[in-house]
Amino acid sequence: MLILQTPRDSLLKPLQAATGIVERKHTLPILSNVLLESKNGKIHILATDLEIQIHTQGADNDKGDFRITTNAKKLQDILRALPESADVQLDWADHKLTLKAGKSRFNLQTLPAEDFPTMSVGEKTQAAFSLTQEAFKNMISQVQYSMAVQDIRYYLNGLLMQVEGNQLRLVATDGHRLAFSATEINADLPKTEVILPRKTVLELNKLLNQSKENISVELLDNQVRFQCNDTVIVSKVIDGKFPDYNRVIPMDNDKIFMISRTALLSALERSAILANEKFRGVRLQLSAGSLKVSCSNNEQEEATEELEIAYQGEELEVGFNIQFLMDVLRSMNCEDMQLAFGDASRSTLFTIPNEANFKYIVMPMRI
């Protein structure tokens with residue numbers, strides 16, 4: 001039975017939006033599948049891992065209604081491998097999905113659509129707002145690198161999203177560094193906060209590509225729903241108490257200077273070539289008019305870079321994980337950054353000059 005005839009991209013693009021969350025190996029085999037459904041003349045695509053669910057719409061379809069599930073990665077890989085100009089035909093019979101394009105033909109297994117599990121979505125909305133995809137993507141990119149990876153403090157393996165009044169704040173920390181980004185939204189909301197899982201944050205970042213279009217966000221009971229374009233993401237949130245980020249922002253660091261973001265990043269990237277591979281340490285030496293960057297390793301190899309800065313304060317030498325410094329510099333698109341040091345044992349504060357909506361705090365390390 002012919003169930004769909006469409007250009008390749010009108011099926012591949014929505015499929016790619018949904019299948020990023022699908023695990024290749026799962027205890028429930030059907031969760032490696034994607035649900036394809038035709039209703040009201042539209043193709044609907046649904047994927048889930050039971051923690052996060054993505055629903056999106058694709059091509060128009062005049063071949064009638066159907067519901068099937070088939071392996072998400074295989075279907076995506078086949079469509080990707082076809083020529084861009086290909087027309088795709090899907091036939092379904094005897095629990096087999098046959099995909100034809102030109103002289104190519106692929107037979108895929110299906111599993112019953114009625115066995116496909118879906119997340120139940122909460123009814124009660126605690127807070128709702130919208131902002132441009134560009135603004136939201138910019139905020140996520142400014143903080144996501146600071147999320148922990150598989151930390152036993154599970155609440156750090158995600159990102160704090162907090163709304164209060166007309167402010168949206170995103171915060172991420174792994175216990176060694178913290179990134180904070182804020183923006184104004186057209187709303188007046190009670191203080192509400194959730195911790196988004198790491199996987200949700202990474203999928204959101206991939207999805208936000210229509211810069212001027214809006215994304216709407218709803219905070220539900222133990223879930224968050226995001227909607228942009230024809231795609232809806234529903235995600236569970238991490239149950240836990242995020243640390244009070246205000247307590248770790250150093251307010252009285254007095255060794256302050258501005259520096260070109262790209263110049264510092266380039267110096268760090270060159271120096272990192274000779275950094276100790278295990279500890280990834282870099283030494284910053286601050287003196288009048290100069291910031292010296294140096295790395296060394298177990299083979300007694302050393303890299304040194306010197307940058308001119310407008311600074312006339314006390315001298316200071318402090319060590320950091322070089323990756324932590326490069327992460328923040330790569331994530332920003334500003335010309336200059338302001339650095340505020342305390343002493344060798346205190347956290348350093350990175351900010352954007354004349355901009356209160358971004359802060360990055362990084363702890364020193366002993367080298």
Mark yes or no for whether [X], through its side chain, and [Y], through its backbone, hold a donor-acceptor pair below 3.5 Å.
X: Thr200; Y: Leu196; result: no
X: Asp49; Y: Glu51; result: yes
X: Asn71; Y: Lys73; result: yes
X: Thr48; Y: Ile52; result: yes
X: Ser216; Y: Ser130; result: no
X: Thr69; Y: Asn33; result: no
X: Ser141; Y: Asn138; result: yes
X: Arg261; Y: Leu329; result: yes

Practice prompt. Let me see the working for Glu23 and Lys199 under salt bridge (Lys or Arg N to Asp or Glu O under 4.0 Å), right down to the final yes or no.
Written response: CA-CA 12 Å; Glu23 306 288 350; Lys199 188 172 181 179; 2.6 Å; yes
Item to complete: Using a strict 4.0 Å threshold on nitrogen-to-oxygen distance, state whether Arg153 and Asp151 make a salt bridge.
Response: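 Looking at Arg153 and Asp151, the cut-off is met.
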Discussion item. Let's go through Phe320 and Arg177 carefully: what are the C-alpha distance in whole Å and the side-chain angles of both, what is the deciding distance for side chain to side chain contact (heavy atoms under 4.5 Å, CB included) to 0.1 Å, and is it a yes or a no?
Written reply: CA-CA 11 Å; Phe320 294 102; Arg177 36 114 174 241; over 6 Å; no
Discussion item. For Phe350 and Phe341, I'd like to know if the aromatic rings sit close, meaning centre-to-centre distance below 6.0 Å.
Written reply: no
Worksheet item: How about Phe180 and Tyr245: are their ring centres within less than 6.0 Å of each other?
Response: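 Yes, they do, as the ring centres are separated by less than 6.0 Å.
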Discussion item. Does either side chain, that of Glu302 or that of Ser296, offer a donor lying less than 3.5 Å from an acceptor on the other one?
Written reply: no
